[in-house]
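Heads up: the structure comes next, in structure tokens.
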2 protein chains.
Amino acid sequence: MSNANRQMILRSRPRGMVTPGDLQLADAPLPPLGDGQALARVKYLSIDPTMRVWMAIDSYLPAVRIGEVMRAFGFAEVVESRHKEFKKGDKVVGLTGMQDYAVMDSADKRGSFQKVPPVPFLSDTAFLGVLGINGVTAYFGMLEIGKPQKGETLVVSAAAGATGSIAGQIGKIHGCRVVGIAGGPEKCQWLTAGLGFDAAIDYKQSDWKDKFVAATPQGVDLNFENVGGDIMHTILERMNVHGRVVLCGLISGYTKADPALASFGMVLVKRLRVEGFIIIDYMDRYREAATQLGKWKMFGKMKDRETIVDGLEKAADAINMLFTGGNIGKLILKV
Amino acid sequence: MSNANRQMILRSRPRGMVTPGDLQLADAPLPPLGDGQALARVKYLSIDPTMRVWMAIDSYLPAVRIGEVMRAFGFAEVVESRHKEFKKGDKVVGLTGMQDYAVMDSADKRGSFQKVPPVPFLSDTAFLGVLGINGVTAYFGMLEIGKPQKGETLVVSAAAGATGSIAGQIGKIHGCRVVGIAGGPEKCQWLTAGLGFDAAIDYKQSDWKDKFVAATPQGVDLNFENVGGDIMHTILERMNVHGRVVLCGLISGYTKADPALASFGMVLVKRLRVEGFIIIDYMDRYREAATQLGKWKMFGKMKDRETIVDGLEKAADAINMLFTGGNIGKLILKV
């Protein structure tokens with residue numbers, strides 16, 4: 001064990017792709033280990049799209065500060081310990097950062113490390129992927145938010161990625177027709193022949209939207225969305241009424257020159273629930289609402305105001321008034 | 001009663017605002033009343049933003065066909081009846097269309113008419129507004145989708161409109177802090193002094209975003225959204241984690257030259273539920289997911305694949321690989 005710790009330092013916030021100047025290696029001395037601390041040798045780092053967001057902007061976590069070790073989820077092995085939970089030789093996962101050695105501290109609740117159970121048939125790296133952040137993301141995203149039902153059509157974008165490939169397989173386990181969207185024939189081949197997806201659409205082919213429509217004859221009930229932009233819009237156009245979207249990522253937007261994410265970015269990082277609403281779904285309960293509203297109005301708890309335009313011939317003007325802000329309250333055309 | 005029925009006919013699909021050529025008056029003869037039919041004199045028509053959508057594109061209802069009477073919700077009085085449910089003098093609401101007389105047919109389930117109860121203190125027009133489509137929309141949108149909780153901050157856009165003004169009052173009844181966004185001092189004055197909103201923000205003032213932030217010191221928990229675009233984005237930026245958006249309208253987009261609505265338009269017309277998801281909300285249940293994923297993997301129900309980049313110094317290249325599609329499955333950096 002060397003006394004030097006190589007660290008990948010965030011030197012500047014990327015605009016577009018990450019440049020060699022944004023992330024630079026530096027050597028730091030290993031600090032003496034205090035009481036309640038353990039030192040772990042980092043062996044593998046999980047590389048995820050969200051890191052590009054961490055480098056650029058505050059989101060669901062604060063941006064990594066300039067001059068700090070780049071944040072990363074990693075797999076490490078304890079090499080020295082004065083920590084009551086970890087002993088030498090333990091394998092752990094957690095927010096190690098991009099460096100050779102991570103210090104684990106009993107007082108550190110944030111980014112806490114978890115011991116990895118010794119499972120003979122699993123490689124170390126599996127704890128970063130299928131049993132790591134990606135697997136767990138796909139698991140809870142699908143089962144707690146998406147709630148796939150037997151016979152539904154699930155569409156996964158970035159389907160050959162670490163999270164998408166697991167989300168799609170969870171859909172298969174739950175009896176969905178699963179369609180993946182990915183870039184290139186090798187990925188699509190893996191999805192269908194390797195993972196058992198019902199169809200895979202290569203978005204790099206010019207006719208992919210037609211193929212996508214053909215692959216979703218019953219429309220789309222559930223979208224596990226990792227990409228955003230044109231791909232997401234194409235899926236939304238194909239969705240059935242009352243469909244659900246698990247918005248898990250927007251990778252198409254992460255390397256734009258302006259890293260400020262648009263409205264769907266807010267929905268993602270704040271984990272908002274946006275639900276479209278049209279009254280036609282509730283017309284059979286019209287009387288229930290009108291009765292309550294009438295009571296509120298009678299007891300002065302509900303006030304209204306009307307703008308009345310006189311004459312059927314003024315229909316176009318009346319409709320336009322809505323868009324110029326001419327009316328206050330209810331706009332009515334007297335016939 | 002004249003034998004002629006003035007009808008407002010859709011002649012062309014508007015691009016931008018509605019022009020006089022898009023909607024034209026025509027006289028049609030009144031057809032003889034058949035068995036099971038009733039004739040109603042239309043007295044008032046509800047004018048709503050959604051009509052602009054009906055004129056232009058298929059949405060949650062098919063577009064009005066060129067040459068047909070423009071679709072409209074109206075208040076009418078029965079003048080002649082061979083219909084078993086309605087008698088002369090009954091007042092009804094329903095999809096009358098933009099015309100002097102509407103025929104109600106027993107066989108017509110779609111757009112069915114409802115008799116209006118005689119309530120002394122209510123004007124006829126109230127059945128188009130506060131007790132009509134707008135009131136009922138605000139009622140179910142707020143209570144079935146938004147579910148306002150005491151002490152939460154509710155923001156309503158187009159708050160001085162027929163639906164928004166009622167949605168905000170329902171928020172007050174349920175104990176929310178209610179902030180309305182509207183255009184111009186007269187509307188804002190009505191919201192606070194007239195309806196008891198806690199604050200009203202005039203989006204036509206250049207510093208409205210600062211005022212909006214000041215008016216929402218606890219952030220925003222619930223957004224009853226009628227506008228979309230920049231106004232919605234400003235609200236989303238102010239929302240608290242796990243906030244909810246009732247997407248009820250996108251009036252800022254209805255008169256654009258290209259009436260094809262963007263992604264939020266799909267969410268609206270298909271009544272989709274879009275939910276942002278970040279795994280940090282489920283970290284305390286990590287082991288539960290990893291255990292199930294491990295079982296699936298052991299029994300061959302879950303497959304994975306890895307792309308491993310060797311060397312901490314290649315961190316930037318590894319991150320960029322995600323955005324060029326270079327990896328299949330899980331991308332890992334070996335330290």
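Below, chain A is the first sequence line, B the second, and so on; all start at residue 1.
Only the side chain of A:Asn134 comes within contact range of chain B, with heavy atoms under 4.5 Å apart. Contacts between A:Ile308 and chain B at a heavy-atom distance below 4.5 Å involve the side chain alone, from C-beta outward. Both the backbone and the side chain of B:Met298 have a heavy atom closer than 4.5 Å to some heavy atom of chain A. With a threshold of 4.5 angstrom between heavy atoms, B:Ile235 does not approach chain A through any atom at all. The contact between B:Ile280 and chain A is made entirely by side chain atoms (from C-beta outward), counting heavy-atom distances below 4.5 Å. Interface remark: B:Ile166 contributes backbone and side-chain atoms alike to the contact with chain A (heavy atom separation under 4.5 Å). Heavy atoms of B:Leu272 lying under 4.5 Å from chain A belong to its backbone as well as its side chain. Proximity to chain A involves both the backbone and the side chain of B:Glu313, based on heavy atoms less than 4.5 angstrom apart. Looking at B:Phe75, neither its backbone nor its side chain comes within 4.5 Å of chain A, counting heavy atoms on both sides. For chain A, the nearby parts of B:Phe277 are the backbone and the side chain; heavy atoms of each come within less than 4.5 Å. Proximity to chain A (any heavy atom under 4.5 Å) is restricted, for B:Gln114, to the side chain, taken from C-beta onward. Of the atoms belonging to B:Leu25, it is side-chain heavy atoms, and not backbone ones, that fall under 4.5 Å from chain A. In this structure, the portions of B:Arg285 lying under 4.5 Å from any heavy atom of chain A include both its backbone and its side chain. The contact between B:Lys303 and chain A is made by backbone and side chain atoms together, counting heavy-atom distances below 4.5 Å. For B:Thr291, no part lies under 4.5 angstrom from a heavy atom of chain A. Interface remark: B:Ile251 contributes backbone and side-chain atoms alike to the contact with chain A (heavy atom separation under 4.5 Å).
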Test side-chain contact (heavy atoms from CB on, under 4.5 Å) applied to A:Ile319 and B:Leu23, step by step: CA-CA 11 Å; A:Ile319 295 172; B:Leu23 281 179; 4.0 Å; yes

side-chain contact (heavy atoms from CB on, under 4.5 Å) assessment of A:Glu306 paired with B:Leu128: CA-CA 10 Å; A:Glu306 294 169 345; B:Leu128 294 182; over 6 Å; no

side-chain contact (heavy atoms from CB on, under 4.5 Å) evaluation trace for A:Arg41 with B:Val335: CA-CA 9 Å; A:Arg41 178 68 168 94; B:Val335 177; 3.7 Å; yes

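Of all non-hydrogen atoms in B:Arg273 and A:Ile145, the two that sit nearest each other are NH2-O, 2.9 Å. Minimum heavy-atom separation, B:Phe121 to A:Gly294: CZ-O, 3.9 Å. In this structure, A:Met17 and B:Thr324 approach most closely via the heavy-atom pair CE-CG2, 3.5 Å.
When the options A:Ile332, A:Leu322, A:Asn327 are evaluated for a side-chain contact (heavy atoms from CB on, under 4.5 Å) with B:Ile47, the one that passes is A:Leu322. For the side chain to side chain donor-acceptor pair (under 3.5 Å) criterion with B:Lys330, the lone passing option out of A:Thr125, A:Asp48, A:Thr163 is A:Asp48. Tested against B:Met266, the residues A:His233, A:Met239, A:Arg238 include a single side-chain contact (heavy atoms from CB on, under 4.5 Å) partner, A:His233. When each of A:Val267, A:Val245, A:Val274 is tested with B:Val267 by the rule side-chain contact (heavy atoms from CB on, under 4.5 Å), just one qualifies, namely A:Val274.
Using bins of under 30°, 30° to 60° and over 60° for the plane-to-plane angle, the ring pair B:Tyr282/A:Phe140 lands in the parallel bin.
Expressed to the nearest 0.5 Å, how far CG of B:Asp124 lies from NZ of A:Lys334 amounts to 10.5 Å. From A:Met302, atom CE reaches atom OG of B:Ser165 across 8.5 Å, with rounding to the nearest 0.5 Å. Between atom CG of residue A:Asp304 and atom OG of residue B:Ser123 there is a gap of 7.0 Å, rounded to the nearest 0.5 Å.
The pair B:Arg305-A:Glu186 meets the salt-bridge criterion, since a charged nitrogen lies less than 4.0 angstrom from a carboxylate oxygen.
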